[in-house]
Structures are given as C-alpha cells and as structure tokens.
Asks: 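Have a look at this one.
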Amino acid sequence: MKTFPIKQFSQRETPFYYYDTELLAQTLDTINTEAKKHEGFCVHYAVKANANPRILQIIAKSGLGADCVSGNEVQAALEAGFPAEKIVYAGVAKKDKEILLGIDKGIFCFNCESVEELMVIQQLAASRKKVARVAFRINPNVGAHTHANITTGLAENKFGIPMEDMEKVIMLSRDMPNIECVGLHFHIGSQILEMDDFKALSNRINELQDRLEEQGISLQNINVGGGLGIDYNNPDENPIPNFKDYFATYAECLNLRKGQKLHFELGRAVVGQMGSLIATTIYIKKGTHKEFCIIDAGMSDLIRPALYDAHHEINNISNPEGEKKVYDVVGPICESSDVFAKEYKMAETKRGDLIAIRSAGAYGEIMASQYNCRNLPVGLLTEDFRD
C-alpha cells in the first residue's frame, strides 16, 4: 500500500485532499513521451477534473494545453499559465460574457455545440471586429462502456450537433465573416477502459471525413475529447493509465489527413490517481447487523460514490497492517446516501485513525459543496508535508 506522511497528516485538520505531485509529474512525463511518438498529437488537460490552482500551474508548465467548459475555467487556465493559443472551450450553454472572454483572449477555438451558439459567436466576434475559430462538436452516436451519467456521445444526449447536420453547419459557418471553422470535435464519455470504444469512435470519424472529402471539405483539426479511465480498484498497481495503448489506438485506427492535428482532452487520466481524500475516524459504531466506520469526510467532500455509486479503495493508513474487519464506511452528512462503501473489508479501525480514500484526484475537490454548512476541503500537495 502507498505510504503517506502520517505524522505530518496528524497535524492538519481533516478532511483534506492530498495530492502526490511526484506521481503527477511521472504521469505528465508519460503523457508527453507517448504523445510525441505520433506526429501532430496535441494534448489538452480537462480543467473540470481538478482546478486546484497549484495543480493547474504544474500541468501548464508541462506543456499541455487546457480544455475548458466555462468562462471561469478559461480564466483559471490563463492565470495558471496555459497559453491562450492552447485553450479550447466547450460547453452547451456558453454565456455571452464567456464567449467574449474567449474572443478577447484569443483562445485556440470554441468547441461549438449548436447552430444557435454559432450564430451568437458570429455576432459577438463581429462586435469585437475579430474572427473566432470554431470546431464543431459532432454527436457521433457512439456508445461507451461506462456509467450512464457520464456517457456523452449518444443521440439522446444533450451534447453536440447531429451527424446529419454536419455539412450544413460547416457550410453555414463559411458564409459568416467572423467565423473560421478549424475542425471537428467529439467526446463519447468518461472512465472508458476498453480501447474498442476508441476504435469505434475512430471508425465513425473516418466515415464522416470521407463524407466531407466527397464534398471538397477539408479541416485542419480533429479533436477526439478524452475519456480514458483509471484503475479505481488497484491504484497502487496501476498508478499511471495506459497512455501507450490509448494514443496507439488512435494512431492505428484514425485516418488523419496530411497535415491534420489530432487533439485530446484528458482529465481524470491526468490527475485521478494522484489524489487521496484524507479523513479522521470519529466513531466505530456497532449496529444491529454491522459495524459503521464513521469518518469526518462526507458526500459534500467527495460526491462520486453517492452520485455514481462509484468505487474507491479505502485504506486505514494509521494501521495499514491491521487485521481485516468489515465496515460500512460512512460520513457525517444527514443523508442516507452519505456512504463511501458498504460491507467493506479494511484494517481494523479505531477512533482517531486516519483514513485515505484513494483515486480521488479527479472530480473530488472540484465537485465539493458546503452542504450542511460544512467547510470546503482544502487541497494540499506533497511539498506541504516535507520536513
């Protein structure tokens, strides 16, 4: 099991997020190494996974671009040091002031999700006397082997422009003097572990590009989104996702045209394994049929188990070698869904023991709330615990 600086942890008020920046650096190095094996591959970090300012600064320095889904994310990326020319901006409901921010800062492109949005971008770009770059997000109607709540590429989802409207919207954009169509954008979902899903997306993009070529339409960029998952069951055995096969799948299956660039928007795969939610055991409560390990972290700090029925490994880091016992690991929130795990086997735990909920670097701190008037958890880095 991963070792943690227990002594230093005990001097901090829990709950808090602990980010292993050494693992983050190794992950970023692997991404850059594997992506550079393939010509024209450009990686953007999906800010929605974790927008801790210090984490953003580390990722920006690694050379990755940024994938944003709100104006505030665009601003956070710029403040962290991401160059505007490496920022892409998606989202189904961009407000006028958010679009103007992107135009004024000169971001690489908007991932445009509807004709209605295109018309607004044209109007706002004209008001600034500038040309806005757009890539049209096409809904490829490709399913992914993942949770229904994080599937985004089916026709029934709210995201993107239907495939049958692809040529029409591209031609419409060509009649707009303040719009430059620079590519197509796709994203089929999150926490995908089967490379066949990415192969299916590649095949669909190949079909769509063939259709465009028949009409004399060529584009400079293809953006396949993100989606690569992490191993929530074995964070110690697989701390870095399989970027080699991920990039190789697209290199093998996607027929890029000469000079085209391929863009990726990786979030969870970049930061998921580096983070752990650290909590303190408040009580071990003996129920009628089970024992409850009640900790001071709750669904307000990490909502994934309540929202997605998600699994996270849970370790008693104060007694890592203790005899295994079975607990329901629960939090303090006044909701029956405030449960991290049921009938979970971990080292025997007593009041005051520190608990680490693993693989919580993505969609943890960023989704935290102040429900029950609780404090937001802070995010602390490896550097904060060095002697």
Side-chain angles (χ1 to χ4, degrees), residues 24 28 31 42-114 117-118 120-121 124-125 128 130 132-138 150 152-153 157-161 179-190 221-228 261-272 361-368 379:
L24 175 60
L28 291 167
I31 291 170
C42 307
V43 181
H44 306 262
Y45 168 64
V47 175
K48 68 177 182 175
N50 187 322
N52 182 289
R54 297 165 71 192
I55 295 300
L56 291 182
Q57 290 170 9
I58 293 171
I59 298 173
K61 288 178 182 176
S62 77
L64 269 59
D67 159 45
C68 302
V69 293
S70 76
N72 285 348
E73 283 192 3
V74 172
Q75 188 63 46
L78 291 167
E79 291 174 359
F82 288 93
E85 61 270 20
K86 288 187 175 183
I87 294 177
V88 295
Y89 179 13
V92 298
K94 304 178 186 75
K95 294 173 122 181
D96 288 13
K97 68 177 183 179
E98 295 176 309
I99 295 171
L100 285 170
L101 173 66
I103 293 171
D104 291 341
K105 297 297 183 180
I107 65 171
F108 175 66
C109 78
F110 295 91
N111 290 334
C112 183
E113 304 226 10
S114 66
E117 179 190 335
L118 174 66
V120 171
I121 294 175
L124 295 174
R128 291 294 203 257
K130 293 185 177 182
R133 291 178 293 273
V134 301
F136 290 112
R137 179 170 182 174
I138 305 300
I150 49 178
T152 62
N157 299 130
K158 68 180 180 180
F159 302 98
I161 295 166
I179 296 291
E180 179 186 0
C181 175
V182 298
L184 298 179
H185 174 236
F186 305 86
H187 181 64
I188 59 173
S190 186
N221 302 276
I222 298 294
N223 186 326
V224 292
L228 179 64
K261 291 187 176 180
L262 184 61
H263 297 256
F264 301 86
E265 299 169 344
L266 295 168
R268 185 196 319 265
V270 181
V271 296
Y363 307 107
E365 181 187 357
I366 191 65
M367 295 181 76

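The residues of the chain are indexed from 1 along the displayed sequence.
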Asks: How far does CG of Leu184 sit from CD1 of Ile222, to the nearest 0.5 angstrom?
Replies: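 The distance works out to 4.5 Å.
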Asks: Output the distance between atom CG (Asn50) and atom CG (Leu56), rounded to the nearest 0.5 Å.
Replies: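 Asn50 atom CG to Leu56 atom CG measures 7.0 Å (nearest 0.5 Å).
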Asks: With respect to Asp67, which candidate in Asn223, Leu266, Val88 satisfies the side chain to side chain contact (heavy atoms under 4.5 Å, CB included) definition?
Replies: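 The residue from Asn223, Leu266, Val88 that satisfies side chain to side chain contact (heavy atoms under 4.5 Å, CB included) with Asp67 turns out to be Val88.
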Asks: Would you mind telling me which of Ile121, Val182, Asn221 makes a side chain to side chain contact (heavy atoms under 4.5 Å, CB included) with Arg133?
Replies: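 Only match with Arg133 under side chain to side chain contact (heavy atoms under 4.5 Å, CB included): Val182.
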Asks: Where do Arg268 and Ala49 come nearest, in terms of heavy atoms and distance?
Replies: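 Here Arg268 and Ala49 meet closest at N-CB, 4.0 Å.
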Asks: Between Phe264 and Ile31, is the side-chain contact (heavy atoms from CB on, under 4.5 Å) condition met? List the steps.
Replies: CA-CA 11 Å; Phe264 301 86; Ile31 291 170; over 6 Å; no
Asks: For the atom pair CD (Glu365) and CG (Asn52), what is the distance rounded to the nearest 0.5 Å?
Replies: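 The distance works out to 5.0 Å.
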Asks: Using every non-hydrogen atom in the two residues, find where Ala60 and Gly81 come nearest and quote the distance to one decimal.
Replies: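 It is CB-C, 3.9 Å.
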Asks: Out of curiosity, Cys68 SG to Gln75 CD, how far, rounded to the nearest 0.5 Å?
Replies: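 So the gap between those two atoms works out to 10.0 Å.
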Asks: Is there a side-chain contact (heavy atoms from CB on, under 4.5 Å) between Ile59 and Val271 once you walk through the steps?
Replies: CA-CA 10 Å; Ile59 298 173; Val271 296; 3.9 Å; yes
Asks: What is the minimum heavy-atom distance between Ile87 and Ile107, and which atoms define it?
Replies: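 Heavy-atom minimum between the residues: O-CB, 3.6 Å.
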Asks: Judged by atom type as modelled, is there a donor-acceptor pair below 3.5 Å linking the side chain of Glu85 to the main-chain atoms of Phe108?
Replies: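 Looks like no, no N/O pair under 3.5 Å.
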Asks: Going from CD1 on Ile161 to CZ on Arg137, what distance comes out if it is rounded to the nearest 0.5 angstrom?
Replies: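 Between atom CD1 of Ile161 and atom CZ of Arg137 there are 10.5 Å.
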Asks: Assess whether atom CG of Asp104 is packed by more than 12 heavy atoms of other residues, nucleotides or ligands within 6.0 Å.
Replies: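 Yes, because the 6.0 Å sphere around CG of Asp104 holds more than 12 heavy atoms from other groups.
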Asks: Minimum heavy-atom separation for Lys48 to Tyr363, with atom names?
Replies: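 Result for this residue pair: CE-OH, 3.4 Å.
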Asks: Under 3.5 Å, side chain of His44 to main-chain N/O of Ala46, donor-acceptor pair present?
Replies: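 Such a contact is absent between His44 side chain and Ala46 backbone.
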Asks: Any chance NZ of Lys61 has more than 12 other-residue heavy atoms, nucleotides or ligands included, within less than 6.0 Å?
Replies: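 No.
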Asks: Identify each donor-acceptor pair in which a side-chain atom of residues 91-98 lies under 3.5 Å from a protein atom, sequence neighbours left out, and give them as a table.
Replies:
unit_1, atom_1, unit_2, atom_2, d
Lys94, NZ, Gly91, O, 2.8
Lys94, NZ, Asn111, O, 3.0
Lys94, NZ, Glu117, OE1, 3.3
Lys94, NZ, Glu117, OE2, 2.7
Glu98, OE1, Tyr89, OH, 3.4
Glu98, OE1, Lys95, N, 2.8
Glu98, OE2, Gly71, N, 2.9

Asks: Out of curiosity, Lys130 NZ to Ile103 CD1, how far, rounded to the nearest 0.5 Å?
Replies: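 Interatomic distance, Lys130 NZ to Ile103 CD1, rounded to 0.5 Å: 8.0 Å.
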Asks: What heavy-atom pair brings Phe82 and Gly65 nearest, and what distance separates the two atoms?
Replies: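 Looks like CE2-O, 3.3 Å.
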Asks: Can you name the nearest heavy-atom pair linking Ile138 to Phe186, along with the distance?
Replies: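 Ile138 and Phe186 have their closest heavy atoms at O-CD2, 3.4 Å.
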Asks: Going through the checks in order, is the side-chain contact (heavy atoms from CB on, under 4.5 Å) test met by Val47 and Val69?
Replies: CA-CA 8 Å; Val47 175; Val69 293; over 6 Å; no
